[in-house]
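Taking it in order: structure first as structure tokens, then the write-up.
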Amino acid sequence: MTTMQVAVWYGAGRENFRLETRERPSPKPGEVLIQVKKCFFCAMHARAVLVGHAKHTPPVIFGRMFAGDVVAVGDGVTHVREGMRVTVNPEKPCGDCFYCQREEFGHCLFPTKLQSGAMAEYVYIPPTLVQGIFELPASIPYEFAAFTETLACILQGMDLSHIKLADCVVIIGDGGVGLAFTQLVRLRGATKIIVAGKHDESLQQATELGATRTVNISKESLQEVVRAETGEYGADVVIEAVGSGQTYEESLTLLRSGGTAVGFGGTPPGTKFQGDPNLIHYRSLKIYGSYRYAPHHFRQALDLICTQAIDLKPIVTHEVPFANLTRDGVDIHNQENCRSLVINF
């Protein structure tokens with residue numbers, strides 16, 4: 001029996017996240033086996049290890065954001081060959097349900113999802129997801145390709161923002177997601193891009209990536225800066241990329257009349273915030289929540305990465321060896337200067 005190492009989550013508690021030896025799968029007809037090279041360990045994973053996660057029932061092998069090499073191909077697969085460097089779209093909407101009929105694919109009721117995650121030395125791709133395997137140029141590092149799904153989610157947020165040429169956009173959050181939004185907002189044509197956060201190094205990189213003004217909220221008032229930068233009107237668009245009740249509430253107060261707020265950050269269960277209904281009513285605010293992505297967003301994200309239209313070097317900041325993941329992953333991810341953490345196999 002050929003074996004592999006996998007990281008299995010058995011529920012809340014560091015002791016319940018551990019490496020195990022399992023049988024390495026062999027691809028059946030229509031399947032593909034990939035040797036994982038890089039896989040992201042994100043905030044959801046850290047939170048699940050520490051306090052659990054309502055949407056996941058253990059035991060689970062996490063890992064949707066990954067890239068690697070094709071090592072075996074089942075009968076009947078024609079567009080994938082052994083040796084290809086690839087990344088994979090880990091889900092496919094059904095196309096027929098209530099939400100898919102309305103092209104709201106992120107809320108598909110019956111999506112096909114990657115069942116066995118990529119926090120493992122090998123991952124098999126079922127026939128239903130094989131068409132979502134994409135070859136990578138040799139020039140693109142595995143860790144950049146593994147960011148594709150996250151960038152696809154960000155692109156959906158961009159579509160909901162309806163940013164126009166010469167808009168003023170406020171991005172709340174200077175982590176990896178905030179820095180990705182900064183670049184996309186610039187590409188979309190905004191001429192005033194205000195990035196708010198708490199980390200001077202990240203804010204400096206935001207400037208290098210296209211921000212026209214940064215705000216360290218521990219040192220100055222974001223409200224005052226936005227008023228000064230917009231002639232007291234407020235921003236055309238505010239993107240919340242932190243995930244806290246306080247920043248969600250503040251987002252609405254930064255908008256001009258007719259402005260648009262995009263809530264991208266996920267918050268811990270039970271988070272509440274207070275808002276002024278009259279602020280929404282009299283200012284005719286447009287408020288969108290952004291969750292998941294549509295298939296075309298994944299393709300767009302991969303194109304942006306493969307053409308190097310977006311710079312991921314400031315975003316992919318930390319690595320952890322797979323052998324040390326269950327011991328060190330949460331602590332490295334939660335370091336103040338970690339914008340994203342990739343597992344190195």
Side-chain angles (χ1 to χ4, degrees), residues 40-44 46-47 65 143-144 147 150-151 153-155 157-158 161 163 167-188 190-230 234-255 260-268 271 273 290 301 304 310-319 332-342:
F40 276 95
F41 184 85
C42 68
M44 184 277 286
R47 186 162 60 244
M65 302 167 284
E143 59 266 31
F144 290 1
F147 194 75
T150 300
L151 188 59
C153 294
I154 293 170
L155 286 173
M158 287 294 299
S161 73
I163 293 169
D167 269 356
C168 172
V169 180
V170 176
I171 299 165
I172 303 177
D174 59 2
V177 169
L179 294 182
F181 267 118
T182 300
Q183 298 179 69
L184 294 174
V185 166
R186 174 179 52 80
L187 290 173
R188 189 64 65 91
T191 51
K192 286 187 177 180
I193 306 171
I194 303 170
V195 178
K198 297 180 179 179
H199 311 99
D200 286 333
E201 181 183 358
S202 292
L203 294 172
Q204 175 57 40
Q205 288 182 321
T207 299
E208 295 167 3
L209 294 172
T212 58
R213 179 72 157 84
T214 61
V215 181
N216 186 321
I217 61 172
S218 63
K219 300 176 182 178
E220 57 182 331
S221 166
L222 178 58
Q223 294 275 352
E224 292 178 4
V225 169
V226 171
R227 285 198 296 267
E229 290 285 326
T230 61
D236 298 292
V237 176
V238 176
I239 298 170
E240 198 286 342
V242 173
S244 78
Q246 178 182 353
T247 48
Y248 266 82
E249 183 173 347
E250 184 175 24
S251 297
L252 305 185
T253 67
L254 298 171
L255 288 168
T260 300
V262 177
F264 186 85
T267 65
T271 301
F273 74 95
S290 183
L304 287 167
I310 183 169
D311 185 0
L312 295 180
K313 291 189 293 294
I315 293 172
V316 184
T317 56
H318 287 65
E319 285 194 356
I332 295 174
H333 178 275
N334 289 343
Q335 290 177 8
E336 189 170 285
N337 64 341
C338 181
R339 299 190 194 104
S340 63
L341 174 62
V342 68

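Taking the side chain as every heavy atom from C-beta outward, Met65 and Phe147 never approach each other to under 4.5 Å. Using a 4.5 Å heavy-atom threshold, the side chains of Val226 and Val238 count as separate. Using a 4.5 Å cut-off on side-chain heavy atoms (C-beta onward), Thr247 and Phe273 make no contact. Using a 4.5 Å heavy-atom threshold, the side chains of Glu224 and Arg227 count as touching. Within the 4.5 Å cutoff, side-chain heavy atoms of Gln183 are placed close to those of Ile315. Under the 4.5 Å side-chain criterion, counting only non-hydrogen atoms from C-beta, Val177 is in contact with Ile154. Ile193 is listed as a side-chain neighbour of Ile171, based on a closest heavy-atom distance under 4.5 Å. Leu184 places a side-chain heavy atom less than 4.5 Å from the side chain of Leu304.
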Inset, instruction - Go through Leu209 and Val195 one step at a time and tell me if the side chain to side chain contact (heavy atoms under 4.5 Å, CB included) criterion holds. - result: CA-CA 11 Å; Leu209 294 172; Val195 178; over 6 Å; no
Inset, instruction - Could you go through the side chain to side chain contact (heavy atoms under 4.5 Å, CB included) check for Leu312 and Leu151 one step at a time? - result: CA-CA 10 Å; Leu312 295 180; Leu151 188 59; 5.6 Å; no
Inset, instruction - Show the numbers, then the answer: is there a side chain to side chain contact (heavy atoms under 4.5 Å, CB included) between His199 and Asn337? - result: CA-CA 8 Å; His199 311 99; Asn337 64 341; over 6 Å; no
Inset, instruction - Tell me, with the steps shown, if Val185 and Val237 meet side chain to side chain contact (heavy atoms under 4.5 Å, CB included). - result: CA-CA 10 Å; Val185 166; Val237 176; over 6 Å; no
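Applying the side chain to side chain donor-acceptor pair (under 3.5 Å) test to Gln204 and every residue at least two apart in sequence or in another chain returns Glu208. Scanning for salt bridge (Lys or Arg N to Asp or Glu O under 4.0 Å) contacts around Glu220 gives Arg213, with sequence neighbours left out.
Between the side chain of Glu240 and the main chain of Gly243, a donor-acceptor pair closer than 3.5 Å is present. Side-chain N or O atoms of Asp167 include none that pairs as donor or acceptor with a backbone N or O of Val169 at under 3.5 Å. Between the side chain of Arg339 and the main chain of Pro314, a donor-acceptor pair closer than 3.5 Å is present. Checked by atom type and distance alone, the side chain of His333 pairs as donor or acceptor with a backbone atom of Ala43 at under 3.5 Å.
Of all non-hydrogen atoms in Ala196 and Ile217, the two that sit nearest each other are CB-CG2, 4.0 Å. Taking every heavy atom of both residues into account, Ser202 and Leu179 meet most closely at O-CD2, 3.8 Å. In plain terms, the two heavy atoms of Lys313 and Phe144 that are nearest each other are CG-CZ, 3.7 Å. In terms of heavy-atom proximity, Phe181 sits nearest to Ala241 at CD1-CB, 4.4 Å. In this structure, Ser290 and Cys153 approach most closely via the heavy-atom pair OG-O, 4.0 Å.
In this structure, the separation between CG on Asp174 and CG on Leu203 is 4.5 Å, given to the nearest 0.5 Å. Between the SG atom in Cys168 and the CD atom in Glu229 there is a gap of 7.0 Å [rounded to 0.5 Å]. Taken from CD in Glu250 to CG in Leu222, the straight-line distance is 5.0 Å, to the nearest 0.5 Å. Residue Thr317 holds its OG1 atom at 9.0 Å from CD of Gln205, rounded to the nearest 0.5 Å. Rounded to the nearest 0.5 Å, atoms CG (Leu255) and CG (Asp236) are 9.0 Å apart. Annotation: the span from Thr182 atom OG1 to Ile194 atom CD1 amounts to 11.5 Å, rounded to 0.5 Å.
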